[in-house]
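A short write-up of the structure that comes next.
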Amino acid sequence: MLFPLLSMLVGNGVHRTVARTKRNGIFIAITALFLLTAYALAVTAGAIWLAGIYGPVGAALFLAACAVFIAVVALIAMVIMNAQEKRQARDRRLALESAATAGIGLIRSQPLLTAGILMALVASNLVGSKKDD
């Protein structure tokens, strides 16, 4: 009796989520298009302005140098973030290994305690509330 209601609720939720995701994707694509257009127009305006000061070749070289500088800064940021992520993953792995080692040590040194904990877990799952919603 409960399953059809749940499936109906979940089905409607999924359909709404898919529709919302499609709508948001379309709006994000439109926004990205206009942001790229604004960026291109700003670079063009900057080139025209710099061409009045440095000439066309100087303006193009200046803008190219700025683009290379921004790209190098972005790559350095990416390398730093990847190194931090690797370090955090290594720390998590080491913490998990030490916890597993401690658990194995507990199992070896206290087999009756381990058996008691396992029995308590099984009993709590079997004896838990059996209410039908």
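Counting begins at 1 with the first residue of the sequence. Note that the structure is a prediction, hence the values are computed from the model and not measured.
- No chain of hydrophobic side-chain contacts below 4.5 Å, direct or via other Ile, Leu, Val, Met, Phe, Trp or Tyr residues, connects Leu41 to Trp49.
- Through direct or indirect side-chain contacts shorter than 4.5 Å among Ile, Leu, Val, Met, Phe, Trp and Tyr, Ile26 is connected to Ile30, Phe34.
- Arg23 meets the salt bridge (charged side-chain N to carboxylate O under 4.0 Å, His left out) test with no other residue; sequence neighbours excluded.
- Nearest heavy-atom pair across Ala51 and Ala59 is N-CB, 3.5 Å.
- Annotation: the span from Lys86 atom NZ to Arg90 atom CZ amounts to 11.0 Å, rounded to 0.5 Å.
- The OG1 atom of Thr101 lies 9.0 Å from the CG atom of Leu96; values are rounded to the nearest 0.5 Å.
- Separation of atoms CG (Leu35) and CD1 (Ile28) is listed at 11.5 Å; rounding is to 0.5 Å.
- Hydrophobic clustering places Ile53 together with Val43 (ILVMFWY residues linked when any side-chain heavy atoms are closer than 4.5 Å, directly or through intermediates).
- For the atom pair Glu85 CD and Met81 CE, the distance stands at 8.0 Å (nearest 0.5 Å).
- Put simply, Tyr39 and Leu63 are part of the same group of oily side chains (I, L, V, M, F, W, Y) that touch within less than 4.5 Å, one to the next.
- Crowding of Leu94 atom CG: a count of heavy atoms from other residues, nucleotides or ligands under 6.0 Å exceeding 12.
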